[in-house]
J.: 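Got a structure for you, questions after.
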Amino acid sequence: MAELVIYNTLTRREEPFTPREPHKVAMYACGLTPQAPAHVGHMRGVIVMDIVRRWFEQLGYEVHFVQNFTDIDDKIIRRAHEEGISTREVAEKYSKMYIEDAEALGARLPHFVTVTENMDAIIEMVQRLVDDGYAYVVDGDVYFEVNKFPEYGKLSGRSVEEMQAGARIEVDERKRNPEDFALWKAAKPGEPAWDSPWGKGRPGWHIECSALSLRYLGAAFDIHAGGMDLIFPHHENEIAQSEAYLRCEQPFARYWLHWGPVRLRQEKMSKSTGVVVPIRELRQQYEPAVIRYFLLTVHYRTPLEFSYERLDEAKAALERIRVAYQRGQAFLRERGGANADASVAEPYLQQFRTAMNHDFNTAQALATVFEVVRELNTRLNTPEVAVQPATPAEVAGLLDALHWMMETVLGVPLSMPVAAQDETIQRLMQCVIAWRQELRARKLYDLADRVRDDLKAMGIVLEDTPQGTTWRIA
RNA sequence: GGCGCCGUACCCAAGUGGCUAAGGGGAGGGUCUGCAAAACCCUUAUUCGUGGGUUCGAUUCCCACCGGCGCCUCCA
């Protein structure tokens, strides 16, 4: 079987994946600052990482997946003022919302860690950077000195000189170089603050990810991930401070994985510009499985243009997969179960694995899913004519394959929405279908069609087949 | 100004130095059906932004140009 290949931002190449420790994967994703409701762009990261962890597990790895909440920073402080609650309450409120959204989309949760619970690790890290001469203290602030780290710029592919040429930021006079960044910020009056060797203050923006990932995963961990917009300066700074902290004896992280932005009307979805579709609102309009499917239709590094048309397409495509799956299940109910025969499904499983092994190419993997759907439908369609009439064993094998691809790997449920599973509704539908059958038998087609039309208007689809009438919620 | 990405059919979107350029949505035709729906079959890119170059051969590699986007400031 082909081995897993991952695109590594650090080398700008696809590389075969080799774990730090056999059979184990340690991975870290930069989480968010919980200070506003999450939008579709955030959820793309959630889904990408969920797929990555699931695929590693299928390959037999034990995965330790850590993600942070930056639960104290300037934006949280501002938000707390606006809402008239504490910074802690702000962080808890929006973290909770984020977790609910992630779970609704079928993501298994990472091991969440926060800044405020790990202040000791951060202070210890900053202290060593000061002691080793990588950082300097000014009026209670601590800055990392970029010039002390010769490899600065290796991730984003830029040099300090290039950046200075186009610098647009107002330079803090107290910094030795314009590119130096804060590891620790002295508290202003009234701000939440923690004791440190440099006085009361709080961590700078980048240090938390370094301190938390190294504390929970150790040096040279396998995967460090985030949105592409974090490559510079966030991840560049993380590498500098982390590898300086490790005294340049070990790399910080081994594979850097970045997913592409979600755009809306040709512009990146971003809180700062207000160009945003909150996932909360979208969940009112689309089944979470459809949203998840939509996010998987494009390779994770490609920018994804959000649109309701695309969501509707995703809905139709997912429905096609689900209807085939249900037909197969109905066939097995009628013909009796059988030990699954995987021989028909095997070539498709191979193809699917190849796609996933090629940098988690879900778009390509989905093409294989549809080939299984066609195989299944073809066999179920033509019982007498078929060269290869469907056997329960083969159908069971194809259904197993479909289930594994969609639910186990891609995390998209094949079952219909819960209403269809309600027992009362099921009995009711049986009655309605029986009545309508009677109307059809008496050739009262106008009435039979009215029943079907009325149900359609309610979102219930009736389909008459040679085996009887089926129904589903559209 | 610097660094980088992208441009594949009506729409979305994989992909490869050379076999028929995946798949989905949509549209048209057919089979089946009381009619629908679903499903299946056929049709929808002699061609992969434009112009050069490398090569026996390029959509795929290189250069230029045109168009779109991201980062360089908080950002997932």
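Order of the sequence lines fixes the chain letters, A, B, ..., with proteins taken first and strands second; residue numbering starts at 1 for each chain.
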J.: Of the nucleotides rA14(B), rA38(B), rA76(B), which one has an atom closest to the side chain of Gln364(A)?
T.: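 In terms of side-chain proximity for Gln364(A), the closest of rA14(B), rA38(B), rA76(B) is rA14(B).
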J.: Base, sugar-phosphate alone, or nothing: which one does Thr368(A) contact when heavy atoms must sit under 4.0 Å apart?
T.: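 Here Thr368(A) touches no strand at all.
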J.: Is any NZ, NE, NH1 or NH2 atom of the basic residue among Glu319(A) and Lys315(A) found under 4.0 Å from an Asp or Glu carboxylate oxygen of the other?
T.: no
J.: List RNA chain B stems (3 or more consecutive Watson-Crick/G-U pairs, under 3.5 Å)?
T.: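 Stems (3+ consecutive pairs) listed as B:1-7 with B:66-72, B:10-12 with B:23-25, B:26-31 with B:39-44, B:49-53 with B:61-65.
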J.: Is Arg452(A) side chain donor-acceptor paired with the rA36(B) base, going by distance under 3.5 Å alone?
T.: yes
J.: Once you round it to whole Å, what is the distance between C1' of rA13(B) and CZ of Arg263(A)?
T.: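 Answer to the nearest Å: 14 Å.
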J.: Select base, sugar-phosphate, or nothing to describe what Val262(A) touches, counting heavy atoms under 4.0 Å on all strands.
T.: base
J.: Taking atom types as modelled, find out whether Tyr325(A) and His403(A) have a side-chain donor-acceptor pair closer than 3.5 angstrom.
T.: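 Yes - a donor-acceptor pair under 3.5 Å links their side chains.
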J.: Per the side chain to side chain contact (heavy atoms under 4.5 Å, CB included) rule, which among Val52(A), Asp222(A), Asp359(A) passes with Ile6(A)?
T.: Asp359(A)
J.: Starting from P on rU73(B), measure out to NZ on Lys175(A) and report it in whole angstrom.
T.: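 Roughly 10 Å, once rounded to whole Å.
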J.: Would you please say whether a donor-acceptor pair under 3.5 Å links the side chains of His206(A) and His235(A)?
T.: no
J.: Taking only the side-chain heavy atoms of Val461(A) (C-beta and beyond), determine which of rC40(B), rA37(B), rA14(B) contains the nearest atom.
T.: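 Looking only at side-chain atoms, Val461(A) lies closest to rA37(B).
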J.: Classify the nucleic acid contact of His235(A) as base, sugar-phosphate or nothing, counting any heavy atom under 4.0 Å across all strands shown.
T.: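 Nothing, no heavy atom under 4.0 Å.
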J.: For a quick check of understanding: with a heavy-atom distance under 4.0 Å over all strands, which category does Gly41(A) fall into, base, sugar-phosphate or nothing?
T.: base
J.: Atom CZ in Arg54(A), atom CD1 in Ile47(A): separation rounded to 0.5 Å?
T.: 8.5 Å
J.: Heavy atoms from C-beta onward define the side chain here; which of rC40(B), rU16(B), rA22(B) lies closest to that of His358(A)?
T.: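 Within the option list, the nearest is rU16(B).
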J.: At 4.0 Å (heavy atoms only), tell me whether Ile231(A) reaches a base, stays on the sugar-phosphate, or touches nothing.
T.: nothing
J.: With a non-hydrogen cut-off below 4.0 angstrom, is His39(A) in contact with a base, only sugar-phosphate, or nothing?
T.: base
J.: When you compare rU46(B) with rA9(B), how far apart are their P atoms, in angstrom units rounded to a whole number?
T.: 10 Å
J.: Base, sugar-phosphate, or nothing for Gly45(A), non-hydrogen atoms under 4.0 angstrom?
T.: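 No contact.
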J.: Between Arg310(A) and Glu305(A), does the salt bridge (charged side-chain N to carboxylate O under 4.0 Å, His left out) criterion hold? Intermediate values first, please.
T.: CA-CA 9 Å; Arg310(A) 293 291 89 74; Glu305(A) 175 72 26; over 6 Å; no
J.: When rounded to the nearest Å, what value does the distance between P atoms of rC48(B) and rC19(B) take?
T.: 14 Å
J.: Indicate, yes or no, whether a donor-acceptor pair under 3.5 Å links the base of rC74(B) to the side chain of Asp229(A).
T.: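 Under the 3.5 Å cut-off, the side chain and the base do not form any donor-acceptor pair.
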J.: Atom CE of Met458(A) to atom P of rA37(B): distance rounded to whole Å?
T.: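 After rounding, the reported distance stands at 21 Å.
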J.: Kindly assign one of parallel, tilted or perpendicular to the pair Phe306(A) and Tyr308(A), based on the angle between their ring planes and the thresholds 30° and 60°.
T.: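 Geometry flag for Tyr308(A) against Phe306(A): perpendicular rings.
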J.: Asn237(A) has an atom CG; how far is it from atom P of rC74(B), in whole Å?
T.: 10 Å
J.: Can you tell me, in whole Å, how much space there is between the C1' of rA37(B) and that of rC32(B)?
T.: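 Approximately 12 Å lies between the C1' atom of rA37(B) and that of rC32(B).
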J.: Under 4.0 Å: is that the gap between some side-chain N or O of Arg12(A) and OP1 or OP2 of rC5(B)?
T.: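 No, Arg12(A) has no side-chain N/O under 4.0 Å of OP1/OP2 on rC5(B).
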J.: Side chain of Val298(A), heavy atoms from C-beta onward: which of rC40(B), rA13(B), rC71(B) has the nearest atom to it?
T.: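 For Val298(A), the side-chain atoms sit closest to rA13(B).
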J.: Flag the pair Tyr94(A) / Phe69(A) as yes when their ring centroid distance falls below 6.0 Å, and as no otherwise.
T.: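 No.
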J.: Taking atom types as they are modelled, is there a donor-acceptor pair under 3.5 Å from the base of rG34(B) to the side chain of Arg440(A)?
T.: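 By the distance-only test, yes, there is a pair.
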J.: Between CG of Leu214(A) and CD of Glu238(A), what distance do you get to the nearest 0.5 Å?
T.: 9.0 Å
J.: Can you tell which of rA37(B), rG23(B), rG70(B) lies closest to the side chain of Glu371(A)?
T.: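 Among the listed nucleotides, the one closest to the side chain of Glu371(A) is rG23(B).
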J.: Mind checking the P distance from rG52(B) to rU47(B)? Whole angstroms is fine.
T.: 16 Å
J.: Looking only at the side chains, is there a donor atom on one of Ser156(A) and Arg158(A) sitting less than 3.5 Å from an acceptor on the other?
T.: yes
J.: With a 4.0 Å cut-off on heavy atoms, is Ser156(A) in touch with a base, just the backbone sugar-phosphate, or nothing at all?
T.: sugar-phosphate
J.: Cut-off 3.5 Å, side chains only: do Tyr255(A) and Glu15(A) have a donor facing an acceptor?
T.: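 Result is no, nothing qualifies.
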J.: Counting side-chain heavy atoms from C-beta on, which of rC72(B), rC40(B), rA76(B) comes nearest to Met269(A)?
T.: rA76(B)
J.: Measuring from the side chain of Thr378(A) (C-beta onward, heavy atoms only), which nucleotide among rG23(B), rC40(B), rA76(B) has the closest atom?
T.: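 Per side-chain heavy atoms of Thr378(A), the pick is rC40(B).
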J.: Checking all strands, does Arg265(A) fall into the base, sugar-phosphate, or nothing category for heavy-atom contacts under 4.0 angstrom?
T.: nothing
J.: Between rG23(B) and rU44(B), how many Å separate the two P atoms, rounded to a whole number?
T.: 13 Å
J.: Hey, is the side chain of Arg79(A) poking within less than 4.0 Å of OP1 or OP2 on rC74(B), counting only N and O atoms?
T.: no
J.: Nearest of rC35(B), rG4(B), rC74(B) to any side-chain atom of Asp449(A)?
T.: rC35(B)
J.: Which whole-number value in Å describes the distance from Met228(A) CE to rC5(B) P?
T.: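 One finds 10 Å between P of rC5(B) and CE of Met228(A), rounded.
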J.: Any side-chain N or O of Thr302(A) under 4.0 Å from OP1/OP2 of rA14(B)?
T.: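 So the side-chain polar atoms of Thr302(A) do come within 4.0 Å of the phosphate oxygens OP1 or OP2 of rA14(B), strictly under.
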J.: Under 4.0 Å: is that the gap between some side-chain N or O of Lys456(A) and OP1 or OP2 of rA36(B)?
T.: no
J.: Using atom CD of Glu14(A) as one end and atom C1' of rU60(B) as the other, report the distance to the nearest whole Å.
T.: 14 Å
J.: Please tell me if Lys271(A) has a side-chain N or O lying less than 4.0 Å from either OP1 or OP2 of rA76(B).
T.: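 It does, given that an N or O in the side chain of Lys271(A) lies less than 4.0 Å from OP1 or OP2 of rA76(B).
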J.: Using atom C1' in both nucleotides, what's the gap between rC41(B) and rU55(B) to the nearest angstrom?
T.: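 Each nucleotide's C1' atom is 41 Å from the other's.
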J.: Taking the six-membered ring for Trp and the full ring for Phe, Tyr or His, determine whether the centres of Phe65(A) and His111(A) are under 6.0 Å apart.
T.: no
J.: Answer yes or no for Arg301(A) and Tyr7(A): cation-pi contact, defined as NZ/CZ to six-membered ring centre under 6.0 Å and angle to ring axis within 45°.
T.: yes
J.: Determine the contact category for Gln266(A): base if any of its heavy atoms lies under 4.0 Å from a base atom, sugar-phosphate if only primed atoms, P, OP1 or OP2 are that close, otherwise nothing.
T.: sugar-phosphate
J.: Decide, yes or no, whether a salt bridge links Arg78(A) with Glu82(A) under the criterion of side-chain N to carboxylate O below 4.0 Å.
T.: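 Result for this pair is no, no salt bridge flagged.
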J.: Provide, to the nearest angstrom, the distance between the CD atom belonging to Glu319(A) and the C1' atom belonging to rG23(B).
T.: 18 Å
J.: Could you tell me how far rG51(B) sits from rU8(B) if I compare only their P atoms? Round to whole Å.
T.: 16 Å
J.: How far, in whole Å, is rC69(B) from rC62(B) if one measures between their P atoms?
T.: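 Taking atom P in both rC62(B) and rC69(B), they lie 24 Å apart.
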J.: Encode nucleotides 25-30 of chain B as B, S and - characters from 5' to 3', where the letter depends on protein heavy atoms closer than 4.0 Å: B to the base, S only to sugar-phosphate, - to neither.
T.: S-----
J.: Is the phosphate of rG15(B) approached by Asn361(A) (side-chain N or O, under 4.0 Å from OP1 or OP2)?
T.: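 Asn361(A) to rG15(B) OP1/OP2: side-chain N or O found under 4.0 Å.
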